[in-house]
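Hydrogens, waters and symmetry mates are skipped; everything else that's a heavy atom, side chains included, is used. Just so it is clear, the structure is predicted and the values come from calculations on it, not from any experiment. Here is how names work: the chains are called A, B, and so on, in the same order as the sequence lines, proteins then strands, and each is numbered from 1.
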2 protein chains.
Amino acid sequence: MPRPTKQAPDSGDARTRLLLAATDLIRSKGFAATSVDGLCQRAEVTKGAFFHHFASKEALGVAVAENWRDTTGAFFASAPYHAPEDPLQRILAYIAFRKAIISEDLPACTCLAGTLVQETYATSDAIRRACAEAMFGHTATLEDDFAQAIAAHGTIGITAQSLAQYTQTVLQGAFVMAKAAQDPDPAHAALDHLYCYIRLLFSQSKGVNAP
Amino acid sequence: MPRPTKQAPDSGDARTRLLLAATDLIRSKGFAATSVDGLCQRAEVTKGAFFHHFASKEALGVAVAENWRDTTGAFFASAPYHAPEDPLQRILAYIAFRKAIISEDLPACTCLAGTLVQETYATSDAIRRACAEAMFGHTATLEDDFAQAIAAHGTIGITAQSLAQYTQTVLQGAFVMAKAAQDPDPAHAALDHLYCYIRLLFSQSKGVNAP
DNA sequence: ACATACATACCAAACGGTCTGTATCGGGGA
DNA sequence: TCCCCGATACAGACCGTTTGGTATGTATGT
């Protein structure tokens, strides 16, 4: 039973506020540069509250990744791109949707899991796994649409899983490039190329595209 | 004039060893988690030497990114993929080459600039710029080949710069996915898709692929 | 002799984490 | 309905270590 705190009663309980603040801070500064003290300050929570809810900073990292998987899962599940009846159109609508939500505010629109995993893949297996679950879990939701598109079109020599993962790959790369350029343009351009690739793939004759 | 240290006289001067050690550590643990002390220990150098060569940790970050640009620049300049006479074949050879050098040893084969920029894009403009220079500088070397391929083939409705940057985007995304999966397979698969995309693009008729 | 290239000791601040205390809850017995 | 109970949810002071950075000293090549 969450209980609102005296300090900031409006914005949920301490755990929720910590998760939210951590998501923000990690996406802009990274995990290591996000201190527990700074986190508590941002969340308007004391250190006692932090270590009551999370056994360690690493445990917070895991929880943030899990929370990211849950919230983004719900977000994309209720997104409008599922509307088209044609599975290929759903995929193209997905790509267009992903492109549309990439703005200048990169800390707010980039992927927490991708950022977090780059820092921790070699030092914390627990965090790495939680990030991987978020990322590959999301690609799994695309897999169905790709499978249906392949079934409708006839085989194109590439698996649905591979295409779904490639989509995620382009997105992750797009975020890195946008951060480097301090500009969403390279990300938008990348999604245009992905869009173009998918269209090209599914307008080809059978079985000639095996890599 | 570099002078070998008493402590480790075989492996170059202190600055070089620090740059090398920093590249290693940042690629596996990230920038923030790489402490100056740990760095000096790894490089077999004292702290005095560190702050003699670098004004601050941030200055080291910039120097590492610049060094990365220089060393990878030389590495790719002398790589075998430039051999084919056909520019399109050079590009495909480049992609195959990039695929070939991605192994299980992810800290050793992933991109320093991509890792570093994700952590620092919002906190250090100097480091971000140095990383961007390394990344976009490398894409610029691909641009020529793409431009020639487009010229040879006739316009395909996409600029050489956009294609070169997309190539880099896929690579960066491939590294993130490989780290999350703790496995180079997703990266290899991504480069197969990129290879496939380029082939598809340049086997189309004129001007129909504009995204 | 002078600048460069280190070495070593040291520092205040920040770090992750612990400890103890208190307020608030739902639930159970009288 | 009342009070009491243990459990949960914090609050806040405290601790040892590590952090980036500095100050000062020394060796070495030119």
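Rounding to whole angstrom units, CG of residue B:L60 and P of D:dT19 are separated by 15 Å. Taking atom CZ of residue B:F31 and atom P of nucleotide D:dT19, one finds them 13 Å apart after rounding to whole Å. Regarding A:K57, its NZ atom lies at a distance of 13 Å from the C1' atom of D:dT18, rounded to whole Å. The interatomic distance linking B:E58 (CD) with D:dG21 (C1') rounds to 14 Å, in whole Å. Straight-line distance from the CG atom of A:L25 to the P atom of C:dG16: 12 Å, rounded to whole Å. Taking atom CD of A:Q41 as the reference point, atom P of C:dG16 lies 13 Å away to the nearest angstrom. Per the geometry, CG belonging to B:D37 stands 16 Å off P belonging to C:dC10, to the nearest Å. Atom-to-atom, NZ of A:K47 to P of C:dA14 comes out at 12 Å; the value is rounded to the nearest Å.
In this model, the phosphate group of D:dA9 is not approached by any side-chain N or O of A:H53 to a distance below 4.0 Å at OP1 or OP2. Listed pair A:S35 / C:dA14 fails the phosphate criterion, with no side-chain N or O lying under 4.0 Å from OP1 or OP2. Close to C:dA5, at under 4.0 Å from its OP1 or OP2, lies a side-chain N or O of B:H52.
By the 6.0 Å and 45° rule, B:K99 does not stack over the aromatic ring of B:Y94. Both tests hold for B:K57 against B:F31: distance to the six-membered ring centre under 6.0 Å, angle to the ring axis within 45°.
A donor-acceptor distance shorter than 3.5 angstrom exists from the side chain of B:R27 to the backbone of B:T110, with no hydrogens or angles considered.
Comparing B:G38 and A:R15 against DNA chain D, the residue whose closest nucleotide sits nearer the 5' end is A:R15. Along DNA chain C, the nucleotide nearest B:G48 and the nucleotide nearest A:F50 are compared for position; the residue whose nucleotide lies closer to the 5' end is B:G48.
Side-chain contact between A:H138 and A:R69 is absent, with no heavy atoms from C-beta onward closer than 4.5 Å.
The residues A:D13 and A:R17 are annotated as not salt-bridged, no charged nitrogen and carboxylate oxygen being separated by less than 4.0 angstrom.
The side chain of A:F51 lies closest to C:dT18 when the candidates are D:dG21, C:dT18, D:dT8.
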